[in-house]
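The structure appears below as structure tokens.
Lettering follows sequence order; numbering is per chain, from 1.
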Amino acid sequence: MSAVRVRFAPSPTGYLHIGGVRTALFNWLFARHEKGVFVLRIEDTDRERSTPEAIQAILDGLKWVGLDWDEGPIFQTDRLPLYKEHAGRLLAAGKAYLCYCTEEELESRRQAALARKDLPKYDGRCRLRSGPAPSDSSPVIRFVTPQTGQTTVHDQIKGDVVFDNSQLDDLIIVRSNGMPTYNFGAVVDDALMNITHVIRGDDHLNNTPRQILLYQALGFEPPRFGHLSMILGVDKVKLSKRHGATSVLEYQEAGYLPEALVNYLVRLGWSFGDQEVFALPELIEKFTLDHINKSPAALDPEKLLWLNGYYLRHADTKRVGDLLIPFLRRQGLLGEQETSDPVWLERLVRALRERSRTLPEMAEGAALYLRESVAMEPEAKKLLAANLRPAFEKLVTVVEQGTVFDHATLEHGFKSVLEQTGLKMKDLAQPVRAALTSRTASPGIFEVMLLLGRDRTLTRLRAAIDLMS
RNA sequence: GGUCCCAUCGUCUAGCCUGGCCUAGGACAGCGCCCUCUCAAGGCGUAAACACGGGUUCGAAUCCCGUUGGGACCA
């Protein structure tokens, strides 16, 4: 059993979308599980649509989610002589031929075939043509596809899928501009790179019999195939731009943790019993091709949010703090060059992560402590009843006179105010919360004070007292 | 239009291959309760699905056929 070699082979014609990431992830996990090799290949033969930005987006996206490749990136445009050589080999063996049919001719014959209710496939007329080549057109190369028999794809996910060769036509393997077509380039590369398992979207399932035939004509052993069903949008329609965030990097921008996205994506079509949360090493250990679901899966943003919250709560606080900084800057809570006190930042993270599902949410929560003042919610203001004034004044004194400003001291002081006034915790905590945060919901009241610091705590308590009069 | 794929709670899914353990399990979201200084988090509970129709079988979510519905590819 030779070592497993898999590849991810995107076309750099746009951003790396989430379906592509899942395909890459499944390949990567399979490679890691099998202690095999993960190859990154960029299929950039469509020069019109391929861009350097898209290439960069693919590399950045994979890096962000933590999918590292062992070989590559290999660019198809660097391998043009290879495709030419193999096409030449087929030509020499009579397994391929030059076709001079023009677009217009093909189109009219297609229409005619349709009118006769025949399959609108290429009629193979250039297979038999002889005589001088028409000078005014540049030919394409077509593959001589068998017209009888069947080709079976032994798919690792879908099972055996049988195609009648009579349905297939002589596909173009090299365009008139000399570029290999998708099917040909992929076959030549996968064969030459010794790819053992081709795991890709099931939009390629129908291409697979043609590819198997090409492998055979070229004298190569076909790899094993596994076709993943597509990811659908929330509306169960194939994912596209109009679904909003579909590019991986948009998830980074939106404040998701890569491990949350990975965990979410892997459960889209793959399962391990009832388990929902997987640490990466565990995923590598447990990931196999046999628990992959055959049916398409729709995206559920709520579940992603839940997972992200979960990872936010369990991640290292220092790391979350560092990740939070750009979002604080974005909300103008921190100057570009300014850094936050690391101890304070970790305290903030601990206080807010129980109540945030994304980093921007957390940054928003942080505003209450970082801004000089915030507009008071009407519901909060109502809590500042005049009869609470003596209690507030006592609290001010306690806070002022505390020898140290820490949780235990604050709690002790707060309790003493309760004792002196006969108030219950819930009678005083909520109004104090309103005074300190201008909101009716927040982290624990002592945590809030610690985040605000002594000065700002006192300022806000006094401001509240003024509002009571 | 042809070919191919798919079909379990609203969503992700377990179970399907190797029928009985399924009065169909888990998770997200929903709802309720508990905890509680609020909100969360956490805990407990609740509602919610085998697309439909035929077979096969003592017995079908599980096997077979068909229908319907989605999707992909080729145009």
Nucleotide C39(B), atom P - distance to CZ of R357(A) in whole Å:
17 Å
Looking for any heavy atom pair under 4.0 Å, which part of the strands does R353(A) touch: base, sugar-phosphate only, or nothing?
nothing
OP1 or OP2 of G42(B) versus the side-chain N and O atoms of R313(A): is any pair under 4.0 Å?
yes
So which nucleotide from C5(B), C28(B), G2(B) ends up closest to the side chain of W306(A)?
C28(B)
Side chain of E276(A) only, please: which of C37(B), U3(B), G26(B) is the nearest?
G26(B)
Quote, to the nearest angstrom, the C1' distance that separates U23(B) from G69(B).
29 Å
So, is N293(A) close to the A14(B) phosphate, meaning a side-chain N or O under 4.0 Å from OP1 or OP2?
yes
OP1 or OP2 of C12(B) less than 4.0 angstrom from a side-chain nitrogen or oxygen of K303(A), does that happen here?
no
Categorize S442(A) for me: base, sugar-phosphate, or nothing, with a 4.0 angstrom heavy-atom threshold over every strand shown.
base
Which nucleotide, C12(B), C73(B), U38(B), lies nearest any side-chain atom of Q430(A)?
U38(B)
Between the side-chain atoms of E354(A) and the base atoms of G42(B), is any donor-acceptor pair under 3.5 Å?
no
Using a 4.0 Å heavy-atom cut-off across all strands, classify V162(A) as base, sugar-phosphate, or nothing.
sugar-phosphate
Span that lies between the C1' atom of C63(B) and that of U57(B), in whole angstrom:
10 Å
Between the side chain of D155(A) and the main-chain N/O of V161(A), is any donor-acceptor distance below 3.5 Å?
no
Could you work out the separation of C39(B) and G30(B) based on their P atoms and round it to a whole Å?
15 Å
Among C73(B), C37(B), C39(B), the nucleotide that comes nearest once only the side chain of R355(A) is considered
C39(B)
Starting at CE of M376(A), measure out to CZ of R439(A) and round the result to the nearest 0.5 Å.
9.5 Å
Close aromatic pair by centroid cut-off 6.0 Å: F287(A) and H33(A):
no
What contact category does I445(A) fall into here, base, sugar-phosphate, or nothing, at under 4.0 angstrom with non-hydrogen atoms?
base
Please classify the nucleic acid contact of G309(A) as base, sugar-phosphate, or nothing, using heavy-atom distances under 4.0 Å.
nothing
Taking the same atom, C1', in G66(B) and in A27(B), what whole-Å distance lies between them?
35 Å
Is a donor-acceptor pair below 3.5 Å formed from side chain R433(A) to base U38(B), judging by atom type as modelled?
yes
Candidates U38(B), C4(B), U13(B) - which lies nearest the side chain of R267(A)
U13(B)
Can you figure out which of U13(B), C37(B), G15(B) approaches the side chain of H291(A) most closely?
G15(B)
Counting any heavy atom closer than 4.0 Å, what does F163(A) reach on the DNA or RNA strands: base, sugar-phosphate only, or nothing?
sugar-phosphate
